[in-house]
Amino acid sequence: MTVWTTFKNTVEHWASRELKRPYVGYVPASGDNAISTGAAFVPEASYFGLRMVEMGLSEGGKFFSSFLPLGVVLTEFSFGDGRQRRPTILSNDEIAAQLKSAGAAAPGYIEFRNIYAVRRAPMKEDNLSLFVGLFRLPYHDVAQQILQLAADLTTQTGLVPGVSEGVRVAEKVYDRVAGLFGLNIVTPLLSYADGNALGRSGYLLVAGPELDEAAAKRLVVTDDQLLSDGKRVAGLNYCLLAVEFTGTLFADGPDTINPLTQLGFHRRWQDVARVVMTRDFDRAEEQMLALRSEVITSPELAENDRLIAIGAYQTSFDKLVERMTPKNAHRGSRGPLLNGALGKSAMPAVAQVLGGMQLSLLSGVTGAPDDPDRLFASEASELRKTIAKVARVDANSAVALARVLDRASTSK
């Protein structure tokens with residue numbers, strides 16, 4: 001039985017127990033640290049992240065003396081050619097440390113720092129399936145050890161899309177956790193499931209049914225804390241999540257850190273640049289083919305960014321080569337060779353990027369950054385503008401552009 005199936009069965013078990021419907025809604029934000037809110041997710045043209053922000057327990061002081069909390073966030077989403085199914089168990093060690101100051105009947109608040117259920121994944125057509133649950137079970141040392149071990153494995157295997165090491169071990173521990181759900185002594189405080197969870201960015205609140213619409217309108221998130229009329233919310237069990245939006249991994253211009261340069265395949269670009277500096281251009285061309293292949297197959301890119309990356313790496317490469325080519329030598333520019341491909345491309349996005357590449361190459365290296373990473377960021381920033389008016393980038397666009405570039409390389 002898979003991790004997701006195990007938890008799905010336990011969720012269905014709770015659904016059959018006639019739980020009261022929780023309050024679910026977005027909360028406005030204020031303050032300098034607030035995330036972008038209201039941004040609409042677009043398949044293959046944006047990225048999403050799901051971050052744990054805060055959890056509130058109406059009787060925080062009773063936990064770890066009489067009860068144990070069990071907080072679970074389950075996500076399922078498409079990533080590359082498969083489906084990612086990630087359970088996130090909230091750490092009881094972290095929760096206990098933050099509840100120490102709560103009185104026996106006082107509310108408790110747990111603030112999370114950089115705890116992600118999903119950390120920046122491309123938005124796909126089938127959206128995101130999300131389950132959020134908060135449960136209470138009687139205190140027992142064995143149960144506490146099982147829950148903490150599951151939380152530790154979450155940190156190691158469940159935060160970054162594509163990580164598979166340790167998943168088999170995690171499944172066995174999650175099975176033990178799931179077994180706790182079947183006990184009648186476990187009390188659900190709130191549970192919420194949504195098979196189409198990505199609509200817009202913002203702070204998503206899942207709270208107990210006690211919260212009504214009138215009280216919810218007074219809520220605001222400030223500095224990652226849920227406040228009502230400027231004060232911490234009392235008498236309410238809740239989970240606050242940040243649904244984070246990223247439109248592109250490319251920065252606007254060469255002077256800003258580019259998130260795409262943190263991905264694994266970008267190291268190949270740095271290797272290519274070093275080889276170009278030795279003027280071994282043929283070897284560098286071969287390495288460019290390998291780089292292009294990794295960009296095309298990377299599951300970490302939305303199709304918009306994939307297409308731009310293919311074009312920006314190529315124009316950056318050509319400009320580095322032009323800069324390093326001796327003045328008395330001549331290799332020929334790729335720009336004129338792209339001219340014939342413009343009219344042959346049936347894909348509007350590919351044609352737009354080809355046109356932008358041609359203009360970039362014909363302008364030469366004057367004013368282009370010397371640093372290879374800054375050069376790539378600059379080229380990508382300009383090429384992004386070429387597809388701004390294209391309604392959609394087809395999943396095959398990057399492959400089509402790569403084929404055009406391959407033909408242009410063999411024609412030189």
Taking the side chain as every heavy atom from C-beta outward, state whether F112 and D224 have any pair of such atoms under 4.5 Å apart.
-> no

L226/Y109 under side-chain contact (heavy atoms from CB on, under 4.5 Å): CA gap, chis, key distance, verdict | CA-CA 10 Å; L226 183 66; Y109 306 100; over 6 Å; no

Go through the steps to decide whether E213 and Y23 satisfy the test side-chain contact (heavy atoms from CB on, under 4.5 Å), and finish with yes or no.
-> CA-CA 9 Å; E213 290 292 341; Y23 173 88; 3.7 Å; yes

Do the non-hydrogen side-chain atoms of L74 and L130 ever get within less than 4.5 Å of each other?
-> no

Of all pairs that satisfy side chain to side chain donor-acceptor pair (under 3.5 Å), the ones with a partner from residues 233-250, not counting sequence neighbours = R51-E244, E54-Y238, S58-N237, Y116-E244, T248-D305

Calculate, to the nearest 0.5 Å, the distance between atoms CZ and CZ belonging to R86 and R119 respectively.
-> 13.0 Å

Evaluate the side-chain proximity of Q84 to T75: yes if any heavy-atom separation is below 4.5 Å, no if none is.
-> no

Spacing of I308 atom CD1 and K385 atom NZ [to the nearest 0.5 Å] = 12.0 Å

Determine whether E44 and K124 make a side-chain contact, defined as any pair of heavy atoms from C-beta on separated by less than 4.5 Å.
-> yes

Closest non-hydrogen contact found for A284 with V276 is CB-CG2, 3.7 Å

Go through the steps for L249 and R120 under the test side-chain contact (heavy atoms from CB on, under 4.5 Å), then give the verdict.
-> CA-CA 10 Å; L249 299 188; R120 201 177 60 204; 3.6 Å; yes

For L291 and M288, what are the C-alpha separation, side-chain angles and deciding distance, and is it a side-chain contact (heavy atoms from CB on, under 4.5 Å)?
-> CA-CA 5 Å; L291 170 60; M288 277 295 294; 4.0 Å; yes

Any side-chain heavy atom of S293 sitting closer than 4.5 Å to one from I296?
-> no

Donor on one side chain, acceptor on other, S360 and E379, under 3.5 Å | yes

Check ring-ring contact (aromatic ring centres under 6.0 Å, His included) between F41 and all other residues, then give those that pass, not counting sequence neighbours.
-> F245

With sequence neighbours excluded, what pairs up with Y313 under the ring-ring contact (aromatic ring centres under 6.0 Å, His included) test?
-> H266, W269, F376

Minimal heavy-atom distance between A302 and A45, with the atoms involved, is CB-N, 4.1 Å

Rounded to the nearest 0.5 Å, how far does CE of M277 lie from CZ of R279?
-> 10.5 Å

Calculate, to the nearest 0.5 Å, the distance between atoms CG and CG belonging to D394 and L307 respectively.
-> 10.0 Å

Student check: side-chain heavy atoms of F250 and S381 closer than 4.5 Å = no

Expected output: side-chain S46 to main-chain M123 donor-acceptor under 3.5 Å = no

Name all residues meeting the salt bridge (charged side-chain N to carboxylate O under 4.0 Å, His left out) criterion together with D271; count only those two or more places apart in sequence or in a different chain, and write none if there are none.
-> R274

Got a donor-acceptor contact below 3.5 angstrom from the S378 side chain to the R374 backbone?
-> no

Check side-chain hydrogen bond (donor to acceptor under 3.5 Å, both in side chains) between D126 and all other residues, then give those that pass, not counting sequence neighbours.
-> S78, R83

Nearest 0.5 Å, what's the CG-CE distance between D280 and M324?
-> 11.5 Å

Considering only heavy atoms from C-beta outward, does the side chain of I110 approach that of L57 to under 4.5 Å?
-> yes

Any idea which heavy atoms bring P122 and F48 closest together, and the distance?
-> O-CE2, 3.8 Å

Which residues share a salt bridge (charged side-chain N to carboxylate O under 4.0 Å, His left out) with E125, sequence neighbours left out = R392

Other residues, nucleotides, ligands: >12 heavy atoms within 6.0 Å of D81 CG | no

For R200, what residues pass the salt bridge (charged side-chain N to carboxylate O under 4.0 Å, His left out) criterion, not counting sequence neighbours?
-> none

Specify the closest pair of heavy atoms between L375 and A368, including all atoms of both residues, with the distance to one decimal.
-> CD1-CB, 3.9 Å

Salt bridge (charged side-chain N to carboxylate O under 4.0 Å, His left out) contacts in which one or both residues fall within residues 214-223, not counting sequence neighbours | R218-D229

Whether F135 and F131 hold their rings parallel, tilted or perpendicular, with breakpoints at 30° and 60° = parallel

By side chain to side chain contact (heavy atoms under 4.5 Å, CB included) - contacts of V365 (at least two apart) = K319, E322, R323

How far apart are the closest heavy atoms of V206 and P22, and which atoms are they?
-> CG1-CB, 4.5 Å

Taken in chain and number order and not counting sequence neighbours, the residues that satisfy salt bridge (charged side-chain N to carboxylate O under 4.0 Å, His left out) with E111 are R113, R232

Nearest heavy-atom contact between S397 and V350 is O-CG2, 3.5 Å

Sequence-distant partners of R306, side chain to side chain contact (heavy atoms under 4.5 Å, CB included), two or more places apart | V295, S298, L301, E303, A398

Value for CZ (R268) from CD (E294), rounded to nearest 0.5 Å, stands at 4.0 Å

Less than 4.5 Å apart, any side-chain heavy atom of L241 and any of V53?
-> no

Which residues share a side-chain hydrogen bond (donor to acceptor under 3.5 Å, both in side chains) with N196, sequence neighbours left out = N127

